[in-house]
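Structure first, commentary second.
Worth knowing before you read on, the calculation uses all heavy atoms, side chains too, and leaves out hydrogens, waters and symmetry mates. First the proteins, then the strands, lettered A, B, ... as listed; each starts at 1.
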Amino acid sequence: MMRNIALIDVNNFYVSCERVFNPSIKDKPVIVLSNNDGCVISRSNEAKALGIKMGEPWFKCQDLVKKYDIQGLSSNYALYADMSNRVMSILSDFSPHQEVYSIDECFLDLTGFEKKNLVEYSQEMRGRIFKWTGLPVCVGVGSTKTLAKLANHIAKKNSQFDGVCNLNVLTEDQLNSLFGNIDVGDVWGVGRRLASQLKALGINTVLDLKKADSEYVRQQFSIVMAKIVSELNGNVCIELEEIAPPRKQILSSRSFGYPVRDYHSLAESITLYMSRAAEKLRSQESLASVVQVYIRTSPFKLNEPQYSNGMTIPLPSPSDDTRQLVKTALWGLKHLYKRDFNYAKAGVSLSELIPKKLIQFDMFESAQSASRSASLMSTIDRINSKMGRGRIKLASEGFSRPWKMKQENQSQRYTTNWSGLISVK
DNA sequence: TATCGTATCACAC
DNA sequence: CTAACGGTGTGATACGATA
């Protein structure tokens, strides 16, 4: 049976979130910056038209910024996450089968909805999302996730589609003429590297890739590429994942706002990052068996001495206790740290994660101490979730955070903070 | 010989 | 004003070590 899979994607998501609460930037070139105000990660159509590139370092954009009065905003993840939840919740009403694929995208399985006109149904989604959140979205429909992605791309690029493209109602000829005009690099899963390798073999367009011989592709590239080709031909190889599997690894790292030289600042930042990682670990009810820590100087400062090092430390027994995880990470840091370097970034990761309920007691830890740890952690998590992140924290996090990241132009948390609400323009 | 561990690459967003 | 370049996660592959 022909599947109908929809991919809904918010246009220029972060920029669009900012515009909902600040209409004065509605028709202006606007961009949102990565953490630390480092790189461009979201652009309005106006900014794209002026030649601002995705991923470009902010300081390199300054000529264009001054010339055209481009608004550069620090990222505001509290706002984006909340807006994302609203969009996903609205979309969940349109199908019983939803996969939240990223902060601004989800797949819906519309198979079995054929008695409806799916283009009209998709327009209904767009209308409701715009009315209830102020965000513009495009919808692509196809018989596989790869085709739905492609359909969405077509809807975004061609205004005559009015934001919705259903490939399943097009003829073979119509499909071929569309696919013949789309660069192979626009296919989901084909990045810069693979695109250039494909082109070297004469596979330049989506149509070329769709028609490519499956065995040839598998042998020249990989099983992944073979699946992509198969999906382009309408065979489902990538299933909808309605229930997000638990993370296999949890990372927390950040660049510093200023170069850091002293051990204590590094230790404070590592404490903070590990505390965040441990919260995420507990929220998915896992325990970590391995802790990793790393620090490094800036690879972009070519005239400064470089140092980058990390350490992997197995835990005596799997844990989700912030105190133990931090202690382990700091033990690692002590061994990694070298004086007289300008550190630019530090990070931690938790891996070899196992479901908490599968774990047996550690023979060296009493049941009583395990349950004390669990109730302390869950109490801290409850307080922090109610009273605000970081309300209760380890003292080794410090209080001044002179290394904290730069965010010089951040909007209010309009939807998640009372004082942000009051300042809506 | 099959499997493991790990580094590296590639990709998404 | 300075100076300044993200973060999180997955999977494939290559390759030497190990059982």
Nucleotide by nucleotide, nucleotides 8-13 of chain B touches protein heavy atoms under 4.0 Å in the pattern (B base, S sugar-phosphate only, - none) --SSSS
Pairs: protein N or O with nucleotides 13-19 of chain C N or O, under 3.5 Å:
none

I need the residues from residues 58-76 of chain A with at least one non-hydrogen atom less than 4.0 Å from DNA chain C; give them sorted by number, or say none.
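Within this stretch, A/F59, A/K60 sit under 4.0 Å of the strand.
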Within this structure, what is the [atom1]-to-[atom2] distance between [X] and [N], rounded to whole angstrom?
X      : N      : atom1 : atom2 : result
A/Q220 : C/dA12 : CD    : C1'   : 17 Å
A/I238 : C/dT10 : CD1   : P     : 16 Å
A/Q292 : B/dT6  : CD    : C1'   : 11 Å
A/M225 : C/dG11 : CE    : P     : 18 Å
A/Y343 : C/dA4  : OH    : C1'   : 21 Å

N-O pairing of [X] and [Y] below 4.0 Å:
X      : Y      : answer
A/D9   : A/K156 : yes
A/R128 : A/E124 : yes
A/K199 : A/D183 : yes
A/R3   : A/E239 : yes

Any chance [atom1] of [X] has more than 12 other-residue heavy atoms, nucleotides or ligands included, within less than 6.0 Å?
X      : atom1 : result
A/K227 : NZ    : no
A/Y77  : OH    : yes
A/H264 : NE2   : no
A/K248 : NZ    : no

Non-neighbouring partners of A/Y68 that pass ring-ring contact (aromatic ring centres under 6.0 Å, His included), sequence neighbours left out
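Testing A/Y68 for ring-ring contact (aromatic ring centres under 6.0 Å, His included), a comparison that skips the adjacent residues, returns none.
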Residue list, ring-ring contact (aromatic ring centres under 6.0 Å, His included) with A/F113, at least two apart or on another chain
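ring-ring contact (aromatic ring centres under 6.0 Å, His included) check on A/F113 returns A/Y121.
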Nearest heavy-atom neighbours spanning A/P29 and A/S44:
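Nearest pair, atom of A/P29 first, then A/S44: CA-OG, 3.5 Å.
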Identify the two heavy atoms, one from A/N11 and one from A/S16, that lie closest to each other, and give their separation to 0.1 Å.
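Shortest heavy-atom contact: O-OG, 2.7 Å.
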Table of protein N/O atoms under 3.5 Å from nucleotides 6-9 of chain C N/O atoms:
| from | atom 1 | to | atom 2 | distance (Å) |
| --- | --- | --- | --- | --- |
| C/dG6 | O4' | A/S34 | OG | 2.9 |
| C/dG7 | OP1 | A/S255 | N | 2.7 |
| C/dG7 | OP2 | A/S255 | OG | 2.9 |
| C/dG7 | OP2 | A/K345 | NZ | 3.1 |
| C/dG7 | O3' | A/R254 | NH2 | 3.2 |
| C/dT8 | OP1 | A/R254 | NH2 | 2.8 |
| C/dT8 | OP2 | A/S253 | N | 2.8 |
| C/dT8 | OP2 | A/S253 | O | 3.2 |
| C/dT8 | OP2 | A/S253 | OG | 2.9 |
| C/dG9 | OP2 | A/L251 | N | 2.6 |
| C/dG9 | OP2 | A/L251 | O | 3.4 |
| C/dG9 | O3' | A/R247 | NE | 3.3 |

Does A/F107 have A/K145 sitting over its ring (NZ/CZ under 6.0 Å from centre, angle to axis within 45°)?
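Judged by the rule, A/K145 and A/F107 form a cation-pi pair.
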Expressed as a whole number of Å, how far does the P atom of B/dC13 sit from that of C/dC5?
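Nearest-Å result for B/dC13 against C/dC5 at atom P: 26 Å.
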First of A/P57 and A/E408 reached from the 5' end of DNA chain C, by closest nucleotide:
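On the 5' side of the pair lies A/E408.
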